[in-house]
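Before any comments, here is the structure.
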Amino acid sequence: MKKISLIPVLLVGALLVYAAQDFPEWGSPNSPASQSPVSSHFIANTGVDTEVPNMVTAVLADYRGFDTMFETVVVFIAGMAVLAILKNSSKKKAGSKEFEVDVEPDLIVTNTVRLLIPVIQIFAFYVLAHGHVSPGGGFQGGVVMGASFILIALSWDLDTALARFPADRCTLVAGLGIVLYAGIGLLSMFLGGEFLDYAELAQIFPVSREMARYHAMLGVEIGVGLTVTAIMFSLYANLSTEGRLKGGL
Amino acid sequence: MFEEGAIINELFIERLNYLIYVVLLLIGLHAMISKNNLMKKLIGMSIFQTAIILFYVSVGVKEGASIPIYLPEHDPHGSHVSLGAGNETEEASHGPVVLEAGLIKKYANPLPHVLMLTAIVVGVATLGLALALCQRIYQGYGTIEEDEILAKIEREEMRAHPSVAVKSMESSKPATSKVKKPATKSKESSTLSAKRAKSNPKTKAKTAPSTSQLKSSRSKSASSQPKTSASKSSSAKAKPATSKPKTKAKPQAKPKAKTTARPKSASTAKKTAPSKAKPRTPKK
Amino acid sequence: MGLELFNTFILLLLVVAAIVALRVKDLLTASVVFGVYSFLMCLLWAEMGAVDVAFTEATVGAGISTVVMIATIFNLKRKSSD
């Protein structure tokens, strides 16, 4: 089996290495990908169109907003699928657990985490809100936020974390994020533009069209952040307890 | 060897990123194919995924370029700060400008970054889904080793559908222990039995080809002497036929009462023997 | 030159980390080594100028996915046959 599997692997490898010779030189500014009019347009016009210095955020939330919206939906669906798979699944248990954890939360760990959690959560908000001018954005901020809840669950126990962020609220918040994202898109559609054409929001907010896009992007990122936060925490909570949401790591 | 255009130079110096992406992709692919443990397969899948992301990001790199965030002189907000944000004339003169072509080279290509950024987050969500499935499999079968799961599935199938089980057993019999001869026989008679399988549903037409097939098999392997041709031909027919694809074998097992009686006894004998012996055999 | 050397070093280390993550028999070790692999990848992308991707990989690949994998292994067997 192992020997046979080497044949297709090496075949694929030979083909890919053969193709790699035709790639442009690494880091060449004249490579086709860098010369393409699309990315040149993004680099040249992002500042004028949206006033967002971070091109990645602008392309992510504005130019390719439709793509990002459905990526968020994919994250949401994956989280819901984990819920559906593991819900009520632990009735029949075939295997035994590798190790059980039933120790008191450690004093040093909990006190350190008690100091760390606010910092981490403020950093998450900073990453989310400051994603326009520095690396960051909704995905990163959401993941850091979700990680802070996971840290609570790891250092105390899952019940403590679930008391702060209950499981059913996870689902609600995750859905709310997508509703916020789609709502901003629909609002701009009702104002006469296209779906996710944030510039039209300038009609109801006292800002220029460029700044309307700037601020609408922040709203969209908050939506993404909400969904990602909730789904990441719900993933951990379900996977560590086989869907029982009790005990766990 | 290291001069311009040589393959070593091409691949190892200028395109090392592409070479490593291929290597990582192959490591991931090989793990996905050949690893036995489902968690290892998932780690392989993640390595495969990051190899693709490495490829995309490598394509977007520009030598000597800055990160895709505007430098202060191209950024309205940055220049406001540096100029001390005052009257409107300054603001107008330092508004955002469309970059000219020469400056585009100074920023890395943002498009691959955007594509891959979402791919990573979606990747972890789907990884969580796969891990949930893993846990479910473990709850159902008590193991995440692929061969043990397959053995258990086979055993359960045997228990649930004895007729199907007989077939799978018959088909697996030549490969395992019973006799080496039927394996060679069935290989040679496979063309014959495939021909026969087409004309088979009529029970009348099958005697002639079966005897010819029997003869050929007897001449090849010089096995037992089939004096009573009726019972022997039916049994000999049932054996190579069931070693055929399962859909073909289904109608053949029906017509004879004798054949159904025979595999029954075989199934009871088999239920004890291979259910213990089966899981061991694939385990090298 | 220095940057290229760094690039080469990280790339080779990546291959080593990938192989170790797949060869080790203990699944807990495997997922931790996979976290190391993710961090190396993050370093490589930061070096290539893809700061957003590097940030995402550092939080997602090295943070969440390692934790989620360990949470899963907690419910499964820790030993692997290969």
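- For B:I27, the parts lying under 4.5 angstrom from a heavy atom of chain C are both the backbone and the side chain.
- Aromatic ring pairs are classed by plane angle as parallel below 30°, tilted from 30° to 60° and perpendicular above 60°; the pair B:Y21 and B:Y18 is perpendicular.
- Between the B:K152 side chain and the B:Y141 main chain, a donor and an acceptor come within less than 3.5 Å of each other.
- Contacts of C:L44 with chain B are made by side-chain atoms alone, with heavy-atom separations under 4.5 Å and no backbone atom involved.
- Between the side chain of B:K35 and the backbone N or O of B:L42, no donor-acceptor pair lies under 3.5 Å.
- Classification of B:K41 and B:E146 as a salt-bridged pair holds, one side-chain N sitting under 4.0 Å from a carboxylate O.
- Heavy atoms of B:E145 lying under 4.5 Å from chain C belong exclusively to its side chain.
- Proximity to chain C (any heavy atom under 4.5 Å) is shown, for B:L54, by both the backbone and the side chain.
- In terms of modelled atom types and a separation under 3.5 Å, the side chain of B:K62 and the main chain of B:K105 share no donor-acceptor contact.
- Among C:L22, C:V53, C:V51, the residue with the largest count of heavy-atom pairs under 4.5 Å with chain B is C:L22.
- Ranking B:A31, B:S46, B:A119 against chain C, the residue ahead of the rest is B:S46, based on heavy-atom pairs under 4.5 Å.
- If you measure heavy-atom distances from C:M41 to chain B, the contacts under 4.5 Å come from the side chain alone.
- Side chains of B:I144 and B:M39 form a contact here, defined as non-hydrogen atoms less than 4.5 Å apart.
- When heavy atoms are compared at a cutoff of 4.5 Å, B:L24 approaches chain C solely by way of its side chain, counted from C-beta outward.
- If you measure heavy-atom distances from B:L38 to chain C, you find no contacts under 4.5 Å at all.
- Without hydrogens or angle criteria, C:T59 side chain to C:F55 main chain gives a donor-acceptor distance under 3.5 Å.
- Heavy-atom distances place the side chain of C:L27, and not its backbone, under 4.5 Å from chain B.
- No part of B:S66 comes within reach of chain C, as not one of its non-hydrogen atoms sits under 4.5 angstrom from that chain.
- Remark: aromatic rings of C:Y37 and C:F34 are close, center separation under 6.0 Å.
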